[in-house]
Each structure stands twice: as C-alpha cells, then as structure tokens.
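To start, the structure itself, in structure tokens.
Nothing here was measured: the structure is a model prediction, and the numbers come from that model.
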Amino acid sequence: MAMSMRQRQRVSRTVQYAVLVAAVLAVALLADWPTLLGAAFNPEIIAQQFPGIIVTALKNTIIYTLLGFVVGVVGGVVLALMKLSSVAPYRWLATLYIEVFRGLPALLVFLAFGYGIPLAFGFRFNSYVTVMLALGLVSAAYIGEVLRAGLQAVPKGQMEAARSLGMSRTRAMVTIVIPQALRIVLPPMTNEIILLTKDSSLVYLLGMTVSQYELTKFGREGISATGAGLTPLVVAGACYLVITVPLGILARRFENRADKASR
Amino acid sequence: MSDASQTASHASASIRGLHKSYGPVDVLKGIDLEIDAGEVVCLIGPSGSGKSTLLRCVNLLETPQRGTIEVAGHEVTDPEADLDLARRSVGMVFQQFNLFPHLTVLENCTVAQTKVLRRSKREAAEAARRNLELVGLTDKADRYPDQLSGGQQQRVAIARALSMDPQLMLFDEPTSALDPETVGDVLAVMRSLAERGMTMLVVTHEMAFARDVADRVAFMDGGVIVEEGPAAEVIGDPQHERTRRFLSRVLNPTGVEAPED
Ligand SMILES: Nc1ncnc2c1ncn2[C@@H]1O[C@H](COP(=O)(O)OP(=O)(O)OP(=O)(O)O)[C@@H](O)[C@H]1O
Ligand SMILES: [Mg+2]
C-alpha cells in the first residue's frame, strides 16, 4: 500500500520522537542518579569553590582571553593587510602563516611554546606574556582570515566612489571601507572570542602558580581533592557558560542586524 | 531658490591621444575629445567599446599608458600632479550609485566635504541641503540609502558629487540600473544641471536624452571615437556604417523595420 507524502512524514516524525523518548528514558533509568547528583552537585563543595573560582579562576580566564584577543587582533590586522597586499611575498607569507596556525591543534602550539621558548632563549617569559603570545598567535590566523573576508566583502565601488570624491586611499579606507567591514566581521569576531575563551584552558600546559589558575585548571585541582567528586568541574563549566552563552546571543544579534542592513 | 552651481566655475576638458590597455588588451586606442566649458557631450557605443574606461581615466581611477587629459587647463595626467586634488574637481556618477550605506543621505553628501575640503560641519550641511534641494530630495536627508528607491539613490549620488563643487561631471550609464518609472526623474535632474551650465560627459543609452540635451555626441567602438558631432547630426544622420548599425539596434531593439528618413 502506498502512503501519501503527508502520511509518510507523520510516520517518520513518530519514529523520531519514539527514539528520542527511549534514549532519555534509558539515561534516566540506567544512570545512578543519587550518586551522580551527589558527586556533581554537592552543595558543600559548590560553596567551597567560592570565592576562589571567581576572584582567581574566572578573572584569569577573562584576562588570558583578552590578552590573547588583543595580540590576535593586532596580528590579524597585519595578516589581513598582507593577504590583500599587492606585494606577492607578503601574500605568500601571510598565507603560509594562516595555513600553518589554522592547521595545527592549539594544544600542540601551546606545548611547543611551553618547551620551545625556554630552549630557544634560555629563560621563561613571564607566564602572562607566554599566554598572550601563544593564544594570540593562534587566534591571529583566524582573525586575519575573518578581517580579510570582511574587507573584501565591501564592494569595490565603495572605494571608487570615495576616491572619486577626492579622498586618498587611506582616508577612504578609514572613513568608508573599514566601518562597513567592521559591521560584517562583528559576528565572526564574537565567535572568535568564544573560541578563545575555551582555548584559554590550554594555558595549564605552560605551568603556573596557584594565583595564575584559570577555570579549567582550577576545576582540575578541585576534583583532585579527596571527596570533592565532580562538583568543581561543574562549577567551572557553569562559569564558562556565563561568558560564552551571552556572547553567543550577542553574535546572533549582530548577525540579524547585519542581515537587515544588507537587505 | 538660491543657485549654488551657477557661481561655480565650469571647466573645459581636453583629452588627447589617450591609450589604455590591460595587459595585452588594448581598450583605448588613441582617444581625442574636446569638451568646452558648459558643454554636454554624450558618449554612445556598444558594450565593451571602452566608454567606462575612458570616464575612469578622466577621473584618474585608471592610469592611461599614453596621452594627456586636461581639466580646466591643468594637466591631470602629469605624473607630478596631485591626483587627489585633480579628482576633487571632477564629479562622477556611477551606474550602481555606490552610495555609502552606513551613512545617511546628508552624511553621504557631507563626508567628503568635511574630510577632504575641510569645510565645517555647518558649511558642509548647507551645501549638501542646497544640492539635495536641486535633486528634489531635501525630505530624505536623514534616511539611509537602502530606504530609497533606485532613482532616489541616483539623485542622491548626483547631489553628493555636486557637493564637492566639481568643474566637470562624469556620468557612467546613470539610468541603466533603474526601474523604467524612475529613469525620468534622474534624467530631469541631469537636464536641469545642463541648463545651469555644468560641463558634462555622459555615457548613456538614452538616445532621446542625448538628442535633446547633448550639444555633441561621440560614438565609440573598439576603443576609438568613430564619429563625433552635433547630437542631431550623429543620431539623425550618421555618416559611418558602424554608427548606423549601432543606432538602429538601440533605437529599434526588436528588429522591426523602421521607416527611413
Ligand atoms: N580591469 C580590467 N581588466 C581587464 N580588462 C578590462 C578591465 N576593465 C575593462 N576591461 C575590458 O575593457 C573593455 C572595455 O570595457 P569598458 O567597461 O570600458 O566598456 P564599456 O564601453 O563601458 O561597456 P559597457 O557598455 O558594457 O559598460 C572590455 O573588453 C573589458 O573587458
Ligand atoms: Mg561601461
């Protein structure tokens, strides 16, 4: 018997729901909830995490992210300009850099920094400087691509119109092209900050003192205490979400605005 | 009504032996064209004949390989010349309007005045409003370009160019991207500019406009000016076969035989 389109859709939707309900039920029935809740949401341990998780860990995560972002933006601007340059070797260099740093796991770059810098220079940078460089060099590759795409998304006619009004190339860039490019890159740049926030967890590889702990390291140290269970990780995770979820909402706002503007 | 443009001096322009190529492709093969002060010259010709390239050379958006261009007696192709200064005295209106979408209509008309001519905000806004009045859009001053129709955007683009007090205005197919019902408004603005004595070089496919408004018409094909003369003569009684063929195609695009006159 042949089913109509409508019927077939209804059957497939029913099957989807059934599978979903079964999966939820399985997890709900099979997991050891009392133990899990006790381990992950222990109120005493949660209380113990404060205020350290905020004044040290959250603060450091934000500092590392911002330091990395500043270096990333500066490096990204340089890379974007090099990629758009009329000088071929500049373009090649920028492409090489971007392909290498985008193609490597951030973890590996951090390891290389942790071991490589002392080897190369015979001393350790201040750990904030190392973090700034490691996070910054990785994010510069992504930010460079975002900025290049943003600048190229501004129609060529904009530069020509500005030039025909007597503006110099630099003046036209600053007053006409860059403001339009910024609108375009705002959503991907916000996403880049989210990625950077998460990547900042890798700084534990560089070795650090207690006062330099960020969220992930703080959580790891927390769970290694006897009887702490998983709770410290849950608290650290919640702190990440406090940063990244609003940023995600912000990025979507920017996107909607850009959509409206381009229509 | 105050009359801004009649006080501005309108320049003559002269193009001599202009050559432009992109790599191996010769686009302009020796163009000579004189435009007297206050004259309107329409440039017609088939697609790819180099009309846009010629305009872009006059506006120094492209650098010609050979030849000279003089505007108001100053040679703008002189390597020593200040290009930004030279560009300032020539206004350009593009087929795609190219308004700045992140700025309001008024800001579109003031931004170059304040940043390039270093006029005060008030002075710039006054000039901008005068020119918006000229194109009939004072009431749209605070809108953004995407809130306007194509014809309105193109009129803003004209006001924007006029706000720099150009001595010569270039138009590159200003009505080709417009809905038919808004073409008339833009042509009317251009006609009134012509009546005010603006020197204009206009690339257009609007033969009626060329016949009525232009003092002279130049027909371009394959990178050279094939025929040039008073509008009525070139359009009404073309001397060259290529001109005749082009005109019959433009005036009668459906291919129905037109009565000979
Ligand atoms: N930047 C460029 N690089 C290479 N070739 C170009 C470039 N710009 C224009 N050309 C070529 O020059 C020729 C003339 O172009 P141009 O735009 O001046 O023609 P046009 O007369 O304005 O045509 P249309 O009526 O289609 O606008 C074309 O064959 C075009 O392919
Ligand atoms: Mg053209």
For Tyr17(A), I'd like to know if atom OH has over 12 heavy atoms of other residues, nucleotides or ligands within 6.0 Å. no

Can you list every pair that meets side-chain hydrogen bond (donor to acceptor under 3.5 Å, both in side chains) and has a residue in residues 53-70 of chain A, with sequence neighbours left out? Asn60(A)-Tyr128(A)

Can you confirm whether the side chains of Tyr22(B) and Glu62(B) place a donor and an acceptor under 3.5 Å from each other? yes

Structural part of Leu99(B) lying under 4.5 Å from a heavy atom of chain A: backbone

Test of understanding: with ring pair (Phe, Tyr, Trp, His ring centres under 6.0 Å), list the residues that count as partners of Phe101(A), not counting sequence neighbours. Tyr97(A)

For atom NZ of Lys217(A), is the number of surrounding heavy atoms from other residues, nucleotides or ligands below 6.0 Å larger than 12? yes

Tell me, side chain or backbone of Val90(B) under 4.5 Å from chain A's heavy atoms, or both, or neither? backbone

Residue list, side chain to side chain donor-acceptor pair (under 3.5 Å) with Asp172(B), at least two apart or on another chain: Ser52(B)

Quick check on Arg66(B): does its CZ atom have over 12 non-hydrogen neighbours (other residues, nucleotides or ligands) under 6.0 Å away? no

Using heavy-atom distances under 4.5 Å, tell me whether Phe100(B) contacts chain A through its side chain, its backbone, both, or neither. both

Sort Arg160(B) into side chain, backbone, both or neither according to what part of it lies under 4.5 angstrom from a heavy atom of chain A. both

Do Ser14(B) and Arg16(B) pass the side-chain hydrogen bond (donor to acceptor under 3.5 Å, both in side chains) test, and can you show the C-alpha distance, the side-chain angles, and the key distance before you say yes or no? CA-CA 7 Å; Ser14(B) 115; Arg16(B) 293 197 198 101; 3.1 Å; yes

Expected contact set for residues 136-173 of chain A against chain B at heavy-atom separation under 4.5 Å reads Gly157(A), Gln158(A), Glu160(A), Ala161(A), Ala162(A), Arg163(A), Ser164(A), Leu165(A), Gly166(A), Met167(A), Ser168(A), Arg171(A)

